[in-house]
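In this text, all values refer to a predicted model and were calculated from it rather than measured experimentally. Starting from 1, each residue takes its place in the sequence as its number. In each ligand, atom 1 is the first atom listed, and ligand 1 is the first ligand listed.
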Amino acid sequence: MFILPDLPYPPDSLEPHIDTQTMQIHHDKHHAAYVKNLNAALPDHDDSQLEEVLRNLHKLSDGIQVQVKNHGGGHHNHSLFWQSLSPKNTSPEKKLLSAIGSTFGDFDTFRQKFQSAATSLFGSGWVWLVADQGNLSLLSTPNQDSPLTLGATPLLGLDVWEHAYYLKYQNRRADYIDAWWNVVNWERVSSRFSQL
Ligand code: MN3
């Protein structure tokens, strides 16, 4: 069985940046539905196999490949998303900051590029800071496609589906993205980077 992980903090703890009701519906309904549908598509599997499955999506039979891409991707992306948020004020550690500097010039430029990719992504999808062979880059994926399927390791992902922000921000996606920076868990992102 794949299991819906608990939120690592109370659903109201990211206020006012991400509102309580959005967190509850996003986790308890949307993420739960990905897990339920993934269990239907891939019975007899569990979370320890998810990354391997997403990295090797092409090996699955045509009959379940799309289901696993959508719901397996949805489960993995959201699990990562909750862990990448924190009510605490955190900053990137030195090693990550220096890699961001050598890839993007400086942190502000990275932030602007990420912001611009997230603002301009058409429709539903995600924007990612990923590592590929130790090199950082930005990546946009449609729907619930996982960076793992493209051979990249996700370090930080931003959900820009309307369900992630519409209750509070309506059509103002840019305001949601501005607010989201305040609750990024840089400790977690840094530790993911240092474990590469
Ligand atoms: Mn979502």
Side-chain angles (χ1 to χ4, degrees), residues 1-42 47 50-51 53-55 57 65-87 114-130 138-150 152-186 188-189 192:
M1 288 275 289
F2 295 96
I3 308 280
L4 176 68
D6 289 335
L7 284 175
Y9 33 71
D12 61 355
S13 61
L14 305 179
E15 294 268 9
H17 308 292
I18 303 181
D19 61 288
T20 308
Q21 195 187 11
T22 294
M23 288 301 291
Q24 286 169 331
I25 295 174
H26 199 174
H27 174 270
D28 304 355
K29 304 293 182 194
H30 289 275
H31 189 169
Y34 296 123
V35 174
K36 179 168 181 271
N37 292 327
L38 177 60
N39 277 315
L42 266 191
D47 286 291
L50 184 56
E51 296 203 348
V53 165
L54 290 171
R55 282 198 187 92
L57 207 56
Q65 209 174 105
V66 172
Q67 290 298 315
V68 174
K69 175 165 90 154
N70 291 339
H71 301 290
H75 177 32
H76 191 262
N77 292 343
H78 285 84
S79 300
L80 205 74
F81 187 61
W82 310 131
Q83 290 167 12
S84 303
L85 298 172
S86 168
F114 192 106
Q115 182 104 5
S116 150
T119 312
S120 63
L121 190 145
F122 183 77
S124 295
W126 292 73
V127 174
W128 304 94
L129 173 66
V130 299
L138 295 182
L139 182 66
S140 296
T141 54
N143 305 311
Q144 294 297 347
D145 292 15
S146 168
L148 294 169
T149 308
L150 301 171
T153 303
L155 300 175
L156 172 66
L158 172 59
D159 187 345
V160 291
W161 283 56
E162 284 186 347
H163 68 225
Y165 62 89
Y166 210 83
L167 287 175
K168 182 177 169 80
Y169 295 100
Q170 292 86 45
N171 60 320
R172 303 186 312 278
R173 187 193 279 184
D175 291 353
Y176 157 66
I177 302 166
D178 275 334
W180 170 80
W181 288 107
N182 293 301
V183 289
V184 171
N185 186 344
W186 284 109
R188 184 56 77 99
V189 179
R192 252 180 231 134

### Message
Looking only at the aromatic ring of each residue, does the gap between the centers of W181 and F114 stay below 6.0 angstrom?
### Response
yes
### Message
Does Q21 have more than 12 heavy atoms from other residues, nucleotides or ligands lying within 6.0 Å of its CD?
### Response
no
### Message
Can you confirm whether the side chains of W161 and H30 place a donor and an acceptor under 3.5 Å from each other?
### Response
no
### Message
With a cut-off of 2.8 Å, does H26 put an N/O/S atom close enough to the Mn ion (ligand 1)?
### Response
yes
### Message
For N/O/S atoms only: which one belongs to D159 and is nearest the Mn ion (ligand 1)?
### Response
OD2
### Query
Can you name the N, O or S atom of H78 that is closest to the Mn ion (ligand 1)?
NE2
#### Entry: H71-Q144 side chain donor-acceptor pair, cut-off 3.5 Å
no
